[in-house]
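Just so we're on the same page: letters track the sequence lines, and every chain starts at 1.
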2 protein chains.
Amino acid sequence: MLNYSVSEENYIKAIFHLQQQDGTVTTNELAGELNTRPASVTDMMKKLKAKKLVHYQPYRGFRLSAEGSKVALGIIRRHRLWEYFLAEKLKFSWDEVHAVAEELEHVSSKKLIEKLDEFLGYPKADPHGDPIPDVNGKIEHYSYQCLASLPANKLVVVSHVSNQSNEILDLLKHKKISIGTKLEIKRRFDFDDSMEIKIGRQPVFTISKQVAENIFVKIN
Amino acid sequence: MLNYSVSEENYIKAIFHLQQQDGTVTTNELAGELNTRPASVTDMMKKLKAKKLVHYQPYRGFRLSAEGSKVALGIIRRHRLWEYFLAEKLKFSWDEVHAVAEELEHVSSKKLIEKLDEFLGYPKADPHGDPIPDVNGKIEHYSYQCLASLPANKLVVVSHVSNQSNEILDLLKHKKISIGTKLEIKRRFDFDDSMEIKIGRQPVFTISKQVAENIFVKIN
DNA sequence: AAATTATTTTAGGCAAAGCTAAAATAATTT
DNA sequence: AAATTATTTTAGCTTTGCCTAAAATAATTT
Ligand SMILES: [Mn+2]
Ligand SMILES: [Mn+2]
Ligand SMILES: [Mn+2]
Ligand SMILES: [Mn+2]
């Protein structure tokens, strides 16, 4: 497998994430995502097309080729393994891991990543609950349910948080909710869709609709 | 403290190492060290001079400024901490750590390095026995003695190996010599300056002059 | 002290990755 | 169906870091 520049890798990864939603990605979308200019995106798409990493016809948008997806999954694997390392071993807080992993993901030693994976005990998910692709780029897609969509009297395990901002981290930290936390939905209020939640034997507390919409859970 | 490009950092670090011996570094020396062309070195020296990281007068060679040395020690700190991590935690062999650390050293998060240092237990030396600068760039200079220069009947501890090639690693691994190994010099032969060495209760074995010249030890 | 050789610098270019402004194309209104 | 607006691409320029070949300077021989 060839080696790609930091810039190429950042583009490839961004396309991968954007096309999860939309299927096909537009020039403006990608420029927005990467804080760059549409003209720069067009330049890079020509290059990635020449390298057969994207399918691209002028004005028609683009998506990763099979090869491009494989490359993307490699980058995502590195990113998430480093995030796990930073959180688990170096005790970085949840919102700090991403920026550093954004740099570490580009260190291109196959052996490094395999040894790191082994050292970490082959973790399945990063600190945000996102699954870590295996050596072959295979990724497990769990079907999580959004906490906001569940009725009262359910016992669930927090598995993923879709918003990764400082602000939600701050709130979740305060409420002592993190990946793996077991929650019990005690009540739902139709007025504002807020819910009352219990963790273990601790007193019940309330979370808003906005929070519940960002928490994804496995039902126990 | 400002941020420097990967290229700038590689130049700064190379100058630091070269000037340890010579005091002042020449264009050709640095080009040789970095596998680049003299013309490229001149270009970079102009830039580093403009940034006040080197003292440089055309045709007169160059050396790091105080600020340049501080930057260099920061890079060396990162490099050696990563080498320690790779060897100690990921079980990389001695000759593999350098290449990977050469990339990792450029990841520029202050917090990452301080947390890593803490996680590793504030190691004093990298796997090759080279001292790791502290947060302030302070580096301990031990006065090691070259094994080749010592008489018979000395008990010593291997502290540094000056040659970091695959070949010497292979030999030392086979002879079970590594940093921290306690050696006893049993005999020296004037004919070829080879020496007979004992490790613990294992049988005596011989090392050549060339090997002994690359091993540096503390006398016990 | 010249002449020769070695080293270093300058001049001029190239590729990667970004930018702005203008042109081309597509999508949406009227 | 035009006209207008939005999106995308092209053209042309910039910076960084590298290169080769030629010119300048320094060091060494003769
Ligand atoms: Mn990145
Ligand atoms: Mn993540
Ligand atoms: Mn390096
Ligand atoms: Mn080392």
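The closest donor-acceptor contact from the side chain of A/S65 to the backbone of A/K52 lies under 3.5 Å.
Shown here, D/dA21 forms a base pair with C/dT10; the pair counts as Watson-Crick or G-U wobble because both key distances fall under 3.5 Å. Look at C/dA3: its Watson-Crick or wobble partner, with both distances under 3.5 angstrom, is D/dT28.
At a threshold of 4.0 angstrom between heavy atoms, the contacts of B/P58 are confined to the sugar-phosphate backbone, with no base atom among them. Residue B/T27 is classed as a sugar-phosphate contact, given heavy-atom separations below 4.0 Å to backbone atoms only. B/S7 comes within 4.0 angstrom of sugar-phosphate atoms only, judged by non-hydrogen atoms across all strands, and of no base. Using a 4.0 Å heavy-atom criterion, one finds that A/Y56 contacts the sugar-phosphate atoms exclusively.
Counting only heavy atoms from C-beta outward, the side chains of B/V161 and B/H128 never approach each other to under 4.5 Å.
Between A/S40 and the phosphate of C/dG18, there is no side-chain N or O to OP1/OP2 separation shorter than 4.0 Å. Phosphate proximity of C/dT10 to B/K46: present, with a side-chain N or O under 4.0 Å from OP1 or OP2. The phosphate of C/dT10 (OP1 or OP2) has no side-chain N or O of B/Y59 nearer than 4.0 angstrom.
A/Y56 and A/F62 have perpendicular rings, their planes meeting at more than 60° on a 0 to 90° scale where under 30° would count as parallel.
More than 12 heavy atoms of other shown residues, nucleotides or ligands fall within 6.0 angstrom of atom NZ in B/K115.
Atom CG of B/L30 is separated from atom P of C/dT9 by 11 Å (rounded to the nearest Å).
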